[in-house]
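Throughout, protein chains are lettered first and strands after them, A, B, ... in sequence-line order, and every chain is numbered starting at 1.
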There are 2 protein chains.
Amino acid sequence: MGERDPTLMAGVPELVVLRLLAEREMYGYEIARTLKVLSRETLSLGEGVLYPALHAMEARGLLRPRPRQVEGRTRIYYQLTARGHRRLERLTANWQRMSAGVARILGTSDHE
Amino acid sequence: MGERDPTLMAGVPELVVLRLLAEREMYGYEIARTLKVLSRETLSLGEGVLYPALHAMEARGLLRPRPRQVEGRTRIYYQLTARGHRRLERLTANWQRMSAGVARILGTSDHE
DNA sequence: TTCTATGCCTCGTCACGCGAGGTATAATCG
DNA sequence: CGATTATACCTCGCGTGACGAGGCATAGAA
């Protein structure tokens, strides 16, 4: 029942969300907007991806919800747990290994 | 019925297989081995991934099978079609955009 | 009042990655 | 000779995750 690796599948949403939350706590809507800006439009998580992902990560103990009322609206801020930090490191390492692998393949003209 | 993009999901297997076949025609087993070596063990396509992927790509007209008998064993070499080349370009561009996006997120300490 | 932005949510689909298993031949090694 | 290893193909079934489309509610602007 340990954390299951995304094997080859990207698992990008989980990775980037964890990364953002490692910086500071944020709420869903904010995460989506920030992601768009930082990635310069190349990464956009639809809400149909984002919210289910957040719930799943919460259920796995990777983040802790911090609901707040702000100007009549409910925001659910999320904090990374210790587990979440560990997960982030792991996923980051995986991503780097695998994207490096892909880069090597893509840059292959048979040299090296 | 045009080619469906892997949205955010990696679609790495399809991408790397197309890339290898762009270089020269190869058969399944060879692809698996080559991939391992070139990516330095970081990318390994199990046969449960590779063969279904090859069949799917063939069905979509991205590659053309070239069966041959070699030393009593059957090898199915695959050639990239024109469609396959176009698909490769597209996927490559997508991959680069998105991995750049991820890299930007990962490298975020709030600067830039 | 109607529209836009904020802010949350769920449901159903679909494709895909993957492990486990299966077949068959050729070569190698005891 | 028999067993094991490498080659070479394949399928089935599972799980999960990405996604679009939709829905609810409030605040403020037009």
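- Distances shorter than 4.0 Å separate some side-chain N or O of Tyr27(A) from OP1 or OP2 on dG7(C).
- Taking atom CZ of Arg75(A) as the reference point, atom C1' of dA5(C) lies 12 Å away to the nearest angstrom.
- The main-chain N or O of Leu106(A) is found under 3.5 Å from a side-chain atom of Arg19(B) such that the two form a donor-acceptor pair.
- The pair Glu14(B)-Arg60(B) counts as a salt bridge, with a side-chain nitrogen and a carboxylate oxygen less than 4.0 angstrom apart.
- With sequence neighbours excluded, no residue satisfies side-chain hydrogen bond (donor to acceptor under 3.5 Å, both in side chains) with Glu71(B).
- In this structure, Leu15(B) places its CG atom 11 Å from P of dG17(C), rounding to the nearest Å.
- Comparing dC18(C), dC19(D), dC8(C) by their closest approach to the side chain of Val49(B) singles out dC18(C).
- Atom-to-atom, CG of Leu43(A) to C1' of dA18(D) comes out at 13 Å; the value is rounded to the nearest Å.
- Contact annotation: the side chain of Arg66(B) never approaches that of Tyr78(B) to less than 4.5 Å [non-hydrogen atoms, C-beta and beyond].
- Distance CG (Leu62(A)) to C1' (dG17(D)): 15 Å, rounded to an integer number of Å.
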Hey, can you pull the donor-acceptor pairs under 3.5 Å for the side chains in residues 49-58 of chain A, sequence neighbours left out?
none

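- A straight line from CG of Leu50(A) to C1' of dA18(D) spans 12 Å, rounded to a whole angstrom.
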Checklist entry - What is the per-nucleotide protein-contact pattern of nucleotides 21-30 of chain D, from the 5' end, where B denotes a base atom under 4.0 Å from a protein heavy atom, S denotes such proximity for sugar-phosphate atoms only, and - denotes neither? => result B----BS---
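- Under 4.0 angstrom from either OP1 or OP2 of dC8(C) there lies at least one side-chain N or O belonging to Tyr51(A).
- Residue His55(B) has its side chain nearest to dC10(D) when only dC10(D), dC9(D), dG17(C) are considered.
- Between Met26(B) and Leu21(B), the closest heavy-atom pair is N-CD2, 3.6 Å.
- Checking Gly46(A) against Arg33(B), the closest nucleotide of DNA chain D that is more toward the 5' end is the one next to Arg33(B).
- Whole-Å rounding puts the Leu45(A) CG to dG20(D) P distance at 11 Å.
- Of the candidates dT6(C), dC9(C), dT10(C), the closest approach to any side-chain atom of Ile76(A) belongs to dC9(C).
- The nearest whole Å value for the distance from the CG atom in Leu91(B) to the P atom in dA15(C) is 16 Å.
- Going from atom CG of Leu35(A) over to atom P of dA18(D) covers 13 Å, rounded to whole Å.
- Distance OH/Tyr27(A) to CZ/Arg73(A): 9.0 Å, rounded to 0.5 Å.
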